[in-house]
Amino acid sequence: MSDDDSPADYCLIDATRPPKADGPPYAECVLCREPTEYPESYKGVTLCPVCEWQEAQRTACSG
């Protein structure tokens, strides 16, 4: 690896996240149906903290 290479060059996963909710109602996790930290009005995939962590471990770059 040269000095010009950085870890960001190798891990190209889009890490955009929905905005955190200020309070209930919360969106359901798409995997386990538990409440998430995200507003119910958010349109898109939402994961609870546990599933979010597990998904991050599963898809992590192992360079």
- Message: Strictly distance-based, threshold 3.5 Å: is any side-chain N or O of T46 a donor or acceptor partner for the main-chain N or O of E28?
- Response: yes

- Query: At their closest point, which heavy atom of C48 faces which heavy atom of T36, and how far apart are they?
  - Reply: N-CG2, 3.5 Å

- Q54: partners by side chain to side chain donor-acceptor pair (under 3.5 Å), with sequence neighbours left out: none

- Message: Suppose we screen for side chain to side chain donor-acceptor pair (under 3.5 Å). Which residues come up paired with E40, at least two apart in sequence or across chains?
- Response: none

- Does V45 belong to the same Ile/Leu/Val/Met/Phe/Trp/Tyr cluster as L31, with side-chain heavy atoms less than 4.5 Å apart forming each link? yes

- Query: Would you call E55 and L47 a side-chain contact if the rule is heavy atoms closer than 4.5 Å?
  - Reply: yes

